[in-house]
Amino acid sequence: MTQQLAHVALLVHDYDEAIAFYTQKLGFRLVADTPLSPGKRWVLVAPADTDSAGPALLLAKAEGAEQQSRVGNQTGGRVFLFLNTDDFWRDYHQFTARGVAFQETPRDEVYATVAVFADLYGNLWDLLQPKPQPA
């Protein structure tokens with residue numbers, strides 16, 4: 001059996017504002033936006049160069065007080081998602097110019113060049129350019 005991670009659900013307050021952030025600020029593409037029932041949609045976004053079968057974020061509109069309380073803090077303040085890039089400085093400068101809020105100065109680690117940024121709700125992400133690993 002072959003398995004792969006397909007989607008990660010990300011709680012959001014509003015579909016359209018979340019779509020705007022991910023497509024306009026991070027340059028993701030809208031993979032799907034399908035109405036399901038009144039007030040519910042199947043919304044997937046993914047990095048622009050991810051193939052259509054690759055992993056995507058499922059933007060899930062929070063319902064009820066419990067889910068609303070988790071929007072922007074699904075991991076208790078830890079970095080939640082990791083966005084790899086082949087050109088850290090290109091993406092860092094593009095994101096900064098588009099108003100993405102970085103939480104720290106970029107740093108050089110043994111595994112990657114990395115900096116933490118927050119999405120529109122405050123979820124923390126790592127922007128990483130991995131370093132080649134010794135064979």
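Remark: D91 CG to L127 CG distance equals 6.0 Å, nearest 0.5 Å. Annotation: the span from H7 atom NE2 to L44 atom CG amounts to 4.5 Å, rounded to 0.5 Å. Within the model, atoms CG of D126 and CZ of R78 stand 10.0 Å from one another, a figure rounded to the nearest 0.5 Å. With values rounded to the nearest 0.5 angstrom, F21 atom CZ is found 11.0 Å from L59 atom CG. Between the CG atom in L124 and the CZ atom in F80 there is a gap of 11.0 Å [rounded to 0.5 Å]. Atom-to-atom distance recorded for Q68:CD and K61:NZ is 8.5 Å, nearest 0.5 angstrom.
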field: Test log, rule side-chain contact (heavy atoms from CB on, under 4.5 Å), inputs V31 and V45
entry: CA-CA 5 Å; V31 176; V45 295; 5.7 Å; no
- request: Evaluate the criterion side chain to side chain donor-acceptor pair (under 3.5 Å) for residue pair D119 and Y22; output intermediate values, then yes/no.
  value: CA-CA 8 Å; D119 69 15; Y22 286 100; 2.8 Å; yes
query: Could you walk me through whether T34 and R41 pass the side-chain contact (heavy atoms from CB on, under 4.5 Å) check?
result: CA-CA 5 Å; T34 307; R41 293 154 55 184; over 6 Å; no
- request: Applying side-chain contact (heavy atoms from CB on, under 4.5 Å), run through I19 and L30 and close with a yes or a no.
  value: CA-CA 7 Å; I19 290 168; L30 182 61; 4.2 Å; yes
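Ring-plane geometry between W125 and F117 is classed as parallel, the angle between the planes falling under 30 degrees on a 0 to 90 degree scale with a further cut at 60.
Side-chain heavy atoms closer than 4.5 Å link hydrophobic residues (I, L, V, M, F, W, Y) into clusters, and following such links, even through other members, never connects V116 to W89. L57 is connected to L5 through a chain of hydrophobic side-chain contacts under 4.5 Å among Ile, Leu, Val, Met, Phe, Trp and Tyr, so both are in one cluster. V8 and L10 fall within a single hydrophobic cluster, where Ile, Leu, Val, Met, Phe, Trp and Tyr are joined by side-chain heavy atoms under 4.5 Å apart, directly or via other members. Residues V114 and L83 do not share a hydrophobic cluster, clusters being chains of Ile/Leu/Val/Met/Phe/Trp/Tyr side chains in contact below 4.5 Å. Put simply, L128 and V79 are part of the same group of oily side chains (I, L, V, M, F, W, Y) that touch within less than 4.5 Å, one to the next.
Enclosure of atom NZ in K131 by more than 12 non-hydrogen atoms of other residues, nucleotides or ligands within 6.0 angstrom is indicated. Within 6.0 Å of the CZ atom in R107, the count of heavy atoms belonging to other residues, nucleotides or ligands exceeds 12.
Considering every non-hydrogen atom in both A46 and A56, the closest pair reads CB-CB, 4.1 Å. Across all their heavy atoms, V71 and A62 have their closest contact at CG2-CB, 3.6 Å. Residues D16 and D14 approach most closely at N-OD2, 3.0 Å, considering heavy atoms. Contact between N123 and G72 at its shortest, heavy atoms only, is OD1-C, 3.2 Å. Of all heavy-atom pairs spanning P130 and A112, the tightest one is CA-CB, 3.8 Å. Taking both residues in full, the closest heavy atoms of R90 and D87 are given as N-OD1, 3.0 Å, listed atom of the first, atom of the second, then distance.
Checked by atom type and distance alone, the side chain of Q67 pairs as donor or acceptor with a backbone atom of E63 at under 3.5 Å. Within the 3.5 Å criterion, the main-chain N or O of T50 finds a donor-acceptor partner in the side chain of R29. Between the Q129 side chain and the F88 main chain, a donor and an acceptor come within less than 3.5 Å of each other.
Contact check for P35 versus W42: no side-chain heavy atoms found under the 4.5 Å cut-off.
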Side chains of residues 93-103: which donor-acceptor partners sit under 3.5 Å, not counting sequence neighbours?
unit_1 : atom_1 : unit_2 : atom_2 : d
T96    : OG1    : Y92    : O      : 2.8
R98    : NH1    : K25    : O      : 3.2
Q103   : NE2    : A101   : O      : 3.0

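Looking only at atom types and distance, the side chain of Q74 has no donor-acceptor partner in the side chain of Y121 under 3.5 Å away.
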